[in-house]
Amino acid sequence: MPNEYLEFHGVMRFYYQEDDKNILTKCVRVSSTATTADVVDVLLEKFRPDLRLLSSERYSLFDTHANGDERQLEDDEFPLFVQLGWNEDDREGRMLLKPVAT
């Protein structure tokens with residue numbers, strides 16, 4: 001239910017996989033006003049203890065689907081709305097945290 005500012009929250013599952021190693025997942029409560037950049041900052045803190053040292057200086061979220069479609073989210077996009085859009089398109093996907101070239 002939105003608050004007085006029309007902001008709402010949802011729990012999202014995020015995935016991280018580096019090379020061919022194990023896949024790590026984290027569930028995070030995300031606000032409808034949180035941008036990709038905001039969520040990446042939170043995820044780096046959440047994943048850091050599991051990864052000891054992250055291998056890249058820059059990470060981003062990728063909207064991935066079973067059919068092989070993959071799209072890097074822009075820093076000013078809203079991941080919660082992207083995920084909610086999957087229902088409209090009758091798609092299932094994953095939000096994948098990946099290193100990106102700088």
Side-chain angles (χ1 to χ4, degrees):
M1 181 106 165
N3 64 16
E4 64 273 14
Y5 305 108
L6 301 178
E7 175 186 31
F8 59 94
H9 295 84
V11 175
M12 297 178 67
R13 180 175 298 275
F14 296 93
Y15 296 81
Y16 178 85
Q17 182 178 15
E18 188 171 25
D19 302 325
D20 291 328
K21 298 178 185 174
N22 292 338
I23 296 174
L24 303 173
T25 68
K26 297 288 181 187
C27 288
V28 177
R29 186 172 184 250
V30 176
S31 165
S32 60
T33 60
T35 64
T36 300
D38 297 332
V39 173
V40 167
D41 288 343
V42 170
L43 290 174
L44 290 177
E45 288 303 314
K46 296 282 185 185
F47 279 114
R48 193 174 308 279
D50 295 329
L51 302 176
R52 306 286 187 254
L53 295 171
L54 295 171
S55 62
S56 179
E57 291 184 20
R58 179 154 157 66
Y59 289 82
S60 188
L61 286 179
F62 289 78
D63 173 18
T64 63
H65 299 274
N67 65 2
D69 287 351
E70 181 176 276
R71 179 181 72 85
Q72 182 178 349
L73 273 65
E74 298 293 329
D75 284 345
D76 59 353
E77 281 189 79
F78 301 99
L80 185 56
F81 283 110
V82 171
Q83 181 172 304
L84 289 172
W86 295 345
N87 288 337
E88 291 175 6
D89 297 336
D90 198 28
R91 296 175 64 154
E92 289 188 26
R94 289 184 172 184
M95 287 290 178
L96 182 63
L97 179 69
K98 289 176 37 173
V100 291
T102 53

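The figures here come from the full heavy-atom set of this structure, side chains too, leaving out hydrogens, waters and symmetry mates.
Qualifying salt bridge (charged side-chain N to carboxylate O under 4.0 Å, His left out) partners for Glu74, counting only residues two or more places apart in sequence or in other chains: none. Residues meeting the ring pair (Phe, Tyr, Trp, His ring centres under 6.0 Å) test with Tyr15, sequence neighbours left out: none. Residues satisfying the salt bridge (charged side-chain N to carboxylate O under 4.0 Å, His left out) criterion with Asp38, sequence neighbours excluded, are absent altogether. The side chain to side chain donor-acceptor pair (under 3.5 Å) check on Thr36 picks up nothing, with sequence neighbours excluded. Partners of His9 by ring pair (Phe, Tyr, Trp, His ring centres under 6.0 Å), not counting sequence neighbours: none found. Taking Asp76 as the reference, nothing meets the salt bridge (charged side-chain N to carboxylate O under 4.0 Å, His left out) condition, with sequence neighbours excluded.
Nearest heavy atom pair, residue Pro79 against residue Met12, reads O-CE, 3.6 Å. What you find for Gln72 and Arg58 is that their closest heavy atoms are NE2-NH2, 4.3 Å. Closest heavy-atom contact between Ser60 and Val100: CB-CG1, 3.9 Å. Nearest heavy-atom pair across Asp63 and Val82 is OD2-CG1, 3.7 Å. Between Val40 and Tyr59, the shortest heavy-atom distance links the atoms CG1-O, 3.7 Å. Considering every non-hydrogen atom in both Arg94 and Trp86, the closest pair reads N-CH2, 3.4 Å.
When Val42, Leu97, Val39, Leu96 are each tested for a side-chain contact (heavy atoms from CB on, under 4.5 Å) with Phe14, only one passes: Val39.
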